[in-house]
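The block underneath contains the structure these notes are about, expressed in structure tokens.
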There are 2 protein chains.
Amino acid sequence: MSGGVEWALHCCVVLTSVDGPVPATRLAELHDVSASYLAKQLQALSRAGLVSSAQGKAGGYALTREPSAITVLDVVEAVDGPAPAFTCTEIRQRGPLATPAESCTVPCAITRAMTTADAAWRAALRSVSIADLARDVGADYGPGALRRISGWLTGAEG
Amino acid sequence: MSGGVEWALHCCVVLTSVDGPVPATRLAELHDVSASYLAKQLQALSRAGLVSSAQGKAGGYALTREPSAITVLDVVEAVDGPAPAFTCTEIRQRGPLATPAESCTVPCAITRAMTTADAAWRAALRSVSIADLARDVGADYGPGALRRISGWLTGAEG
DNA sequence: GAGGGGGTACTCGGATAAATAGTGTCCGAGTCAGTGTGG
DNA sequence: CCACACTGACTCGGACACTATTTATCCGAGTACCCCCTC
């Protein structure tokens, strides 16, 4: 999985604590990561409609929906793409004992097993929302943690 | 996920139908894939102890256990490695508002969500055995399918 | 003092290179089967 | 006829190139704010 997923999720969580848009540069220095590369991830989120982008002097990125309406799966699919990890190359239709194409009306057993596992993975990610993550952050580090981040994002210099 | 996982699984399924060892070359031409690269996957299975390798004239690969005792997860971890897809880089400990290390006794919320999803994925793959796959192949293409493959693997020329 | 126009600085967005993991290939080390020879 | 040693060919195993994906970077297009000028 792309490492940018982690960055994107952290950005979504901190964006729950602010109202206005936050520039990519600010998000990058908060997390001490490459601004240029983080921009790419945020663009992916924007293309997926999870965040809105605003240009100009007071521009930046902001969540488009309630944090409870954005799932972790949404972010993962936006950044990594919606394609499943396993792709069947139809080996059964190759070689000297190839299964004829007309017998291949359903996916092969291996593909079915992989698809089932992939569905379980996605279901687990779909059951967790950004709001859940933000709540857990508060539970882990105290209610003031996100508030401090919010203040730094909107106001502080350096 | 590495595409070699699919090849390895197909090999394991067909190996359930034969008694003696089968050379990698024979498995490769059955599936019409690169023999050299398939060898790499089979070596991984051998390192993991799922198959035994025998050298010499009548050598090859054979399953070491009952097909019902080998799970799809075993094969996936043997070929792709046991590492989870998501790796936390501890972003929370970086940047101007870094969380102090002594407060990071448990994984962060994002990592917990990813770990849970990964566990669900692995549980699904663990619940399917190679024997299950072989049985499904019989159900899909008729009981004679695996028998024909077995005969070709052990006897036929070209 | 209020409204409008222009400048400016800041933002995103996509196009462009380096690094890394995955894919594919090759040749050498090791080993078993078969064969020929000697007893 | 049996046992042994040898030959030979076939097997795996790891080391070596090539390609695709991921990672990282840069510069141009666009836009909202702010200042200044005019009325």
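Below, read A as the first sequence line, B as the second, and so on, with proteins coming before strands; counting in each chain starts at 1. Treat the numbers as computed from the prediction; the structure is a model and nothing was measured.
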For [X], all residues meeting side-chain contact (heavy atoms from CB on, under 4.5 Å), sequence neighbours excluded:
X         : answer
Ala139(A) : none
Ala44(B)  : Arg47(B)
Pro23(B)  : Arg26(B)

What side-chain donor-acceptor pairs closer than 3.5 Å can you find for residues 94-103 of chain A, not counting sequence neighbours?
unit_1	atom_1	unit_2	atom_2	d
Arg94(A)	NH2	Asp32(B)	O	2.7
Thr99(A)	OG1	Arg92(A)	O	3.4

Of [range], the positions that come close to DNA chain C - non-hydrogen atoms, cut-off under 4.0 Å:
range                     : answer
residues 31-48 of chain B : Ser34(B), Ser36(B), Tyr37(B), Lys40(B)
residues 77-88 of chain B : none
residues 1-12 of chain A  : none

*Provide the full list of ring-ring contact (aromatic ring centres under 6.0 Å, His included) pairs with a residue in residues 28-81 of chain A, sequence neighbours left out, each pair given once.*
Trp7(A)-Tyr37(A), His10(A)-His31(A)

*Could you go step by step and tell me if Leu42(A) and Leu45(A) meet the side-chain contact (heavy atoms from CB on, under 4.5 Å) rule?*
CA-CA 5 Å; Leu42(A) 293 169; Leu45(A) 295 181; 4.1 Å; yes

*Give the first and the last nucleotide of DNA chain C, reading 5' to 3', that has any atom under 4.0 Å from a heavy atom of chain A.*
dC10(C) to dA15(C)

*Starting from P on dC33(D), measure out to CD on Gln55(A) and report it in whole angstrom.*
13 Å

_side-chain hydrogen bond (donor to acceptor under 3.5 Å, both in side chains) partners for Thr89(A), two or more places apart_ = Glu6(B)

*Please list, chain by chain and in numerical order, all residues satisfying side-chain hydrogen bond (donor to acceptor under 3.5 Å, both in side chains) with Arg112(B), sequence neighbours excluded.*
Asp140(A)

*asked:* Can you confirm whether Val72(A) sits close enough to Val76(A) that some side-chain heavy atom of one is under 4.5 Å from a side-chain heavy atom of the other?
replied: yes

*asked:* Let's go through Leu30(A) and Leu153(A) carefully: what are the C-alpha distance in whole Å and the side-chain angles of both, what is the deciding distance for side-chain contact (heavy atoms from CB on, under 4.5 Å) to 0.1 Å, and is it a yes or a no?
replied: CA-CA 8 Å; Leu30(A) 170 66; Leu153(A) 279 178; 4.0 Å; yes

*Give every residue pair that meets the side-chain hydrogen bond (donor to acceptor under 3.5 Å, both in side chains) criterion with at least one member in residues 68-78 of chain A, sequence neighbours excluded.*
Thr71(A)-Asp74(A), Glu77(A)-Arg122(A)

*asked:* Ignoring hydrogens and geometry beyond distance, is a side-chain donor-acceptor pair present between Ser129(B) and Asp132(B) at under 3.5 Å?
replied: yes

